[in-house]
> 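Before I ask anything, let me first share the structure, which is written out below as structure tokens.
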Amino acid sequence: MNIENDKPGASPELRISWFCERFEVERPELEYGNQEPDVGELLLSDNLIDWSATHGVSLDWQCFGDERGLVAAYRDRQFVTSGKGVRKANRTNGA
């Protein structure tokens with residue numbers, strides 16, 4: 001599956017499907033406002049929030065296609081900011 005998250009019309013369902021295929025995880029049960037995917041909007045249900053937390057999926061990306069949170073999390077994990085600028089984090093424990 002090829003998904004272009006930044007293209008207009010990319011839906012949360014497509015991003016969820018891409019994530020499940022890419023990381024080989026089971027797709028969550030999705031709930032809709034009108035009980036029909038073609039009519040209602042995807043609900044941010046407890047089930048979807050729990051699934052996202054369990055599998056490490058950014059809700060900003062999943063629901064809105066916003067990658068800024070992903071970029072910030074990567075930078076926070078990989079780099080250390082100090083008064084002397086930014087340097088690569090020393091990760092000796094494999095984390």
> With rounding to the nearest 0.5 Å, note down the distance linking CD in E31 to CG in L48.
8.5 Å
> So which atom in E13 and which in L42 form the shortest heavy-atom distance, rounded to 0.1 Å?
OE2-CB, 4.0 Å
> Could you grab the distance from atom CG of L14 to atom CZ of F19, nearest 0.5 Å is fine?
15.5 Å
> Please check if L59 and F23 belong to a single hydrophobic cluster, counting links between Ile, Leu, Val, Met, Phe, Trp and Tyr side chain heavy atoms closer than 4.5 Å.
yes
> Assess whether side-chain contact (heavy atoms from CB on, under 4.5 Å) is satisfied between R27 and S17, documenting all intermediate values.
CA-CA 7 Å; R27 184 181 166 96; S17 292; 2.4 Å; yes
> Tell me, please, which residues at least two apart from S58 pass side chain to side chain donor-acceptor pair (under 3.5 Å).
none
> Just how far is it from atom OG of S52 to atom CD of Q62, taken to the nearest 0.5 Å?
3.5 Å
> Could you tell me whether the side chain of W51 and the main chain of D46 form a donor-acceptor pair under 3.5 Å?
no
> How many angstroms lie between CG in L30 and CG in L44, if you round to the nearest 0.5 Å?
11.0 Å
> How far does SG of C63 sit from CG of L43, to the nearest 0.5 angstrom?
10.5 Å
> What distance do F64 atom CZ and R15 atom CZ have between them, rounded to the nearest 0.5 Å?
9.0 Å
> Determine whether C20 and P28 make a side-chain contact, defined as any pair of heavy atoms from C-beta on separated by less than 4.5 Å.
yes
> Check whether D60 reaches the backbone of G65 with its side chain - one donor and one acceptor, N or O, closer than 3.5 Å.
no
> Using the test salt bridge (charged side-chain N to carboxylate O under 4.0 Å, His left out), find all partners of R68 that sit at least two apart in sequence or belong to another chain.
D66
